[in-house]
Amino acid sequence: MTTRRTFRSAGLVAVAAAAALSLAACQSGGKSAASGPERQAAASGTTGGGSTPVGSSTIAADKAADKAATGVRTGADAAHRGGTPATTAKTASQARTQTLPDGSTAEIRRLGDQHYLARIVHGGSVLATLETNGADAGLDANDMFIVLTLGGQLHAWMGGGHQGPGTFELAGGWKAKVTKTGELRYRAQILGNDGAVDATLQTNQHDVGLDANGVYIVLSAGGVISAHE
């Protein structure tokens with residue numbers, strides 16, 4: 001499962017005020033505050049251009065600095081406004097690796113809170129990708145079943161699949177009632193000992209997975225269900 005937020009008038013006022021202050025400073029023979037390291041750093045940190053060139057007038061430096069102060073955005077704020085989660089770049093961690101039963105390798109990387117990415121690699125090629133983003137992820141990789149949990153744990157096993165539709169006994173005392181709902185669309189109701197539906201897996205043209213209290217369940221888009229504890 002690949003599974004898985006006007007500064008224009010303010011700026012003009014700021015520029016006018018900066019120019020007036022700078023002119024007064026020049027007339028009094030004092031040095032402009034913009035010549036200090038803090039003002040130069042502010043001017044060089046604008047998103048719209050580079051720092052003020054050495055030799056420019058004090059008034060020009062004040063204008064650039066005050067414009068930066070009113071219009072600058074942090075990188076995180078800009079990413080948030082653009083729709084990309086600001087936490088992704090900051091919280092992404094180095095990948096850890098895990099050998100799988102068929103000899104391939106899973107490269108697991110944390111992207112954020114309960115957000116993990118696992119790449120299944122064999123012979124230098126990426127064969128599949130799983131991503132948790134609000135839900136566990138699952139994969140049927142040629143009769144090797146994989147679950148990637150919201151906590152970043154990856155569990156893999158070979159075999160044990162049942163072809164739906166039908167009702168099947170699963171590991172851990174669970175039962176699964178598998179029904180076909182469309183092309184590459186299956187639903188598995190996970191039943192407890194009392195027959196109540198404790199969880200539901202639904203494929204939508206891709207495999208899904210679930211951590212059911214330490215029992216790991218995969219339902220494939222082809223209707224195959226397997227569980228392991």
Side-chain angles (χ1 to χ4, degrees), residues 1-4 85 87-88 95-122 125-229:
M1 177 176 181
T2 307
T3 331
R4 264 149 126 111
T87 57
T88 300
R96 74 178 195 272
T97 59
Q98 180 175 330
T99 302
L100 303 180
D102 69 345
S104 58
T105 300
E107 298 177 352
I108 307 160
R109 187 182 303 274
R110 182 179 185 271
L111 303 181
D113 291 340
Q114 297 188 332
H115 191 180
Y116 289 83
L117 179 72
R119 301 194 310 166
I120 311 305
V121 180
H122 184 74
S125 300
V126 178
L127 304 181
T129 300
L130 296 90
E131 183 175 3
T132 68
N133 194 359
D136 301 327
L139 176 68
D140 176 3
N142 296 325
D143 208 36
M144 180 178 70
F145 299 93
I146 306 171
V147 171
L148 178 63
T149 73
L150 285 172
Q153 300 302 310
L154 187 140
H155 301 266
W157 66 97
M158 300 293 296
H162 305 278
Q163 177 64 60
T167 300
F168 310 101
E169 299 281 347
L170 300 180
W174 297 103
K175 289 184 179 180
K177 182 180 180 181
V178 180
T179 56
K180 185 174 183 179
T181 60
E183 186 65 27
L184 297 177
R185 298 173 187 265
Y186 284 82
R187 178 187 298 115
Q189 294 176 311
I190 309 304
L191 312 177
N193 292 329
D194 57 359
V197 177
D198 289 338
T200 299
L201 290 168
Q202 180 82 45
T203 70
N204 187 4
Q205 300 184 355
H206 57 75
D207 305 340
V208 291
L210 176 67
D211 173 4
N213 296 330
V215 177
Y216 304 96
I217 305 171
V218 170
L219 176 65
S220 77
V224 175
I225 191 166
S226 182
H228 189 266
E229 60 178 340

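No experiment lies behind these values; they were computed from the predicted model shown.
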Value rounded to 0.5 Å, distance of [atom1] in [X] from [atom2] in [Y]:
| X | Y | atom1 | atom2 | value |
| --- | --- | --- | --- | --- |
| Gln98 | Leu148 | CD | CG | 9.5 Å |
| Ile217 | Ile190 | CD1 | CD1 | 4.0 Å |
| His228 | Met158 | NE2 | CE | 11.5 Å |
| Asp136 | Gln153 | CG | CD | 11.5 Å |
| Trp157 | Met144 | CH2 | CE | 10.5 Å |
| Arg119 | Thr129 | CZ | OG1 | 7.0 Å |

Looking at every non-hydrogen atom in both residues, tell me the closest pair between [X] and [Y] and how far apart they are.
| X | Y | value |
| --- | --- | --- |
| Ala221 | Asp207 | N-OD1, 2.8 Å |
| Gln163 | Gly222 | NE2-O, 2.9 Å |
| Ala188 | Val178 | CB-CG2, 4.1 Å |
| Val215 | Ala227 | CG1-CB, 4.2 Å |
| Gln202 | Val208 | O-CG1, 3.4 Å |
| Gly159 | Ser226 | O-OG, 3.0 Å |

> Which of these, Leu201, Ile225, Val147, sits in a side-chain contact (heavy atoms from CB on, under 4.5 Å) with Val218?
Replying inline: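 Among the candidates, only Val147 passes.
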Tell me, which pairs form a salt bridge (charged side-chain N to carboxylate O under 4.0 Å, His left out) where one or both residues lie in [range], sequence neighbours left out?
| range | value |
| --- | --- |
| residues 143-159 | none |
| residues 150-165 | none |
| residues 146-157 | none |

Only counting residues at least two apart or in another chain, list the ones meeting side-chain contact (heavy atoms from CB on, under 4.5 Å) with [X].
| X | answer |
| --- | --- |
| Thr97 | Thr105, Glu107 |
| Thr200 | Arg187, Gln189, Val197 |
| Gln114 | Leu150 |
| Glu169 | Lys175 |

> Quick check: does any side chain N or O of Asp198 sit under 3.5 Å from a backbone N or O of Leu191, one acting as donor and the other as acceptor?
Replying inline: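 It does not hold such a pair.
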> Is there a donor-acceptor contact under 3.5 Å from the side chain of Thr132 to the main chain of Gly152?
Replying inline: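 Flag not set: sc Thr132 to bb Gly152 has no pair under 3.5 Å.
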> Among pairs that include at least one residue of residues 210-222, which meet side-chain hydrogen bond (donor to acceptor under 3.5 Å, both in side chains), considering only residues two or more places apart or in two chains?
Replying inline: His155-Tyr216
Are any of the side-chain heavy atoms of [X] and [Y] separated by less than 4.5 Å?
| X | Y | value |
| --- | --- | --- |
| Phe145 | Val224 | yes |
| Ile146 | Leu100 | yes |
| Leu130 | Ile120 | yes |

> Please, which pairs that meet ring-ring contact (aromatic ring centres under 6.0 Å, His included) have at least one residue in residues 180-199, sequence neighbours excluded?
Replying inline: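 For residues 180-199, and leaving out neighbouring residues, there are no ring-ring contact (aromatic ring centres under 6.0 Å, His included) pairs at all.
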I'd like to check the side chain to side chain donor-acceptor pair (under 3.5 Å) partners of [X]; sequence neighbours left out, ordered by chain and number.
| X | value |
| --- | --- |
| Ser104 | Asp102 |
| Asn204 | Arg185 |
| Thr203 | none |

